[in-house]
*Asks:* 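The structure is given below, and queries will be raised subsequently.
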There are 2 protein chains.
Amino acid sequence: MGAIQNIKVSVDAVVFGYTPDEGLSVLLIKRKSTPFKNSWALPGGLVKDNENLEEAVQRELKEETNVSINYLEQLYTFGDVARDPRNRVVSVAYYGLVKPDAFEINASTDASDVAWYNVKEIPDIAFDHHKILNTAINRLKGKITYEPIGFELLDKKFPFSDLEKLYTTLLGREIDRRNFRKKIVRLNVLDELDEKVSKGSGRPANLFQFNQKRYFQLKKEGIVFEI
Amino acid sequence: MGAIQNIKVSVDAVVFGYTPDEGLSVLLIKRKSTPFKNSWALPGGLVKDNENLEEAVQRELKEETNVSINYLEQLYTFGDVARDPRNRVVSVAYYGLVKPDAFEINASTDASDVAWYNVKEIPDIAFDHHKILNTAINRLKGKITYEPIGFELLDKKFPFSDLEKLYTTLLGREIDRRNFRKKIVRLNVLDELDEKVSKGSGRPANLFQFNQKRYFQLKKEGIVFEI
DNA sequence: ATTTTTTTGTGTATAAAATACATAAATCAC
DNA sequence: GTGATTTATGTATTTTATACACAAAAAAAT
């Protein structure tokens, strides 16, 4: 018979943040301990015996970065034999989306530093974290076209141009402003508020808010979101 | 500091088979050992220290059912604290598709019996395997609409009516035969063969074959499969 | 205070895609 | 050979996607 299994289980988190100016960023920590000491890495760590996987992710994020997540979803499980140089570690990766006000971050226990990195300027990172990150970016790009998760990256109230810019950034192509607006409005998941915002020059923009309740209602009726 | 982690890692497989007559079936094994002894369950088991996750799935399937898989994809990782009554076990679930000639199955090591069950007639099954199975069914239903994986469930050469029936079965709704055919033909991933097949009464049907090479070519060019 | 620049907001015409629908051809069962 | 069964096929209509330009509101420049 075979020996007792000797595999550890960890979680890793790809936390995305977005601002219209900076584009899409991801949260990285600087490792305090070996291996990859002082290298940048995705936040994460070993799962405790008595906590669920999502709880482990939330705990690690709290411990390492002090960020609170409003959208969290399992991404993929990475289990290659040699992905950790010390032991066999199977890592269940999650990705999360945070609103711009989460850009206040603080390193603590396991991390000597925490920072947002634009996804176009990712440094060398530990383990197979590049692979995890790329998987997450592709998932996000795909998912925003058929689930309204883009709103999780914007402020609660936002001008239409922010939404449009988010989509052009994430999809990496130009979008016709009028057609895009028509499409979103037709989906009927945005409430137009009686507030305006003006940033810099130009006509002030009306603010919108995502109506999640209405979205869930429509989803239950079988209406599909699609960009 | 916390104690050493005591979590086991397993894999489970949801293997789908399909025949035009029986519809969609899933492969179950009868457990030889506790817990859930003599209960039906998804094939699977603990991962060995020196094998990758996919290798573990293939090995367990070979050991328990003697089925060979032509399409295998990671589904989701189930890690709730109490999902196994003995220890903490995190299970990485996969789903696979097999062609009808794989319906020759044999129980061996860990299983006292193996059987195909129609997805509409699933018995009580062990652990959280119902949850895993439902996740797999939903994934399959979703995926066949945007990736040409349905062909993995059919014989290499098949009449158009088989494909049509597969889609009506999986999607659970009627499909207009002419429009469906037009759509598939337009995708340009099927080769029409110079062979006919006649089953029972009626005009003999032309056989088709999925051209995977052409599909990958088109995919690289950005053409999307969509039903 | 007038002009220029910048950003928001909006409609229509055209092209493409999805849908609805019926009849003839080939074989089998009787 | 008559009727039943299954395959094969085209067109008209509706819906959806795309392309495209100018006015309104405010700030910045003069």
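Just the heavy atoms: all of them, side chains too, but no hydrogens, waters or symmetry mates, feed the values below. Residue numbers start from 1 in every chain, and the chains themselves are labelled A, B, ... in the order their sequence lines are given, proteins ahead of strands.
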*Asks:* Heavy-atom distance under 4.5 Å between the side chains of B:Val98 and B:Phe16, does that happen here?
*Replies:* no
*Asks:* Using a 6.0 Å cut-off, check whether atom NZ of B:Lys32 has over 12 heavy atoms from anything other than its own residue.
*Replies:* yes
*Asks:* Could you write out each protein N or O paired with an N or O of nucleotides 13-19 of chain C at a distance under 3.5 Å?
*Replies:*
from, atom 1, to, atom 2, distance (Å)
C:dT19, O4, B:Lys182, NZ, 3.3

*Asks:* Does atom CG of A:Asp124 have more than 12 heavy-atom neighbours, drawn from other residues, nucleotides or ligands, at distances under 6.0 Å?
*Replies:* no
*Asks:* Could you check whether atom NZ of A:Lys157 has more than 12 heavy atoms from other residues, nucleotides or ligands sitting under 6.0 Å from it?
*Replies:* no
*Asks:* Could you check how far CG of A:Leu163 sits from C1' of C:dG9, rounded to whole Å?
*Replies:* 15 Å
*Asks:* Please examine the side chains of A:Leu163 and A:Phe151, heavy atoms only from C-beta on, and report whether any two atoms are closer than 4.5 Å.
*Replies:* yes
*Asks:* What is the distance from CG of B:Asp176 to P of D:dT13, rounded to the nearest Å?
*Replies:* 17 Å
*Asks:* Any Lys/Arg nitrogen of B:Glu226 or B:Lys183 sitting under 4.0 Å from an Asp/Glu carboxylate oxygen of the other?
*Replies:* no
*Asks:* Once you round it to whole Å, what is the distance between P of D:dG10 and CZ of B:Arg178?
*Replies:* 11 Å
*Asks:* Would you call B:Asp80 and B:Phe78 a side-chain contact if the rule is heavy atoms closer than 4.5 Å?
*Replies:* no
*Asks:* Quick one: B:Lys196 NZ to C:dA25 C1', roughly how many Å, whole number?
*Replies:* 11 Å
*Asks:* Are there more than 12 heavy atoms of other residues, nucleotides or ligands under 6.0 Å from atom CD of A:Glu174?
*Replies:* no
*Asks:* How close or far is atom P of D:dT7 from atom CD of B:Glu195, stated in whole angstroms?
*Replies:* 17 Å
*Asks:* Just the rounded figure in Å: distance from C1' of D:dT9 to CD1 of B:Ile184.
*Replies:* 16 Å
*Asks:* Identify all pairs in which a protein N or O lies below 3.5 Å from an N or O of nucleotides 6-8 of chain C, and state each distance.
*Replies:*
from, atom 1, to, atom 2, distance (Å)
C:dT6, O4', A:Ser201, OG, 3.4
C:dT7, O2, A:Arg203, N, 3.1
C:dT8, OP1, A:Ser161, OG, 2.6
C:dT8, O2, A:Arg203, NH1, 3.4

*Asks:* Check residues 198-208 of chain B and write down every donor-acceptor pair under 3.5 Å in which the side-chain atom is one partner and the other belongs to a residue at least two apart or another chain.
*Replies:*
from, atom 1, to, atom 2, distance (Å)
B:Lys199, NZ, B:Asp162, OD1, 2.8
B:Asn206, ND2, B:Glu192, OE2, 3.1

*Asks:* What is the distance, rounded to the nearest whole Å, between atom CD1 of A:Ile227 and atom C1' of D:dA17?
*Replies:* 13 Å
*Asks:* In whole Å, what is the span from the CZ atom of B:Phe180 to the C1' atom of D:dT9?
*Replies:* 16 Å
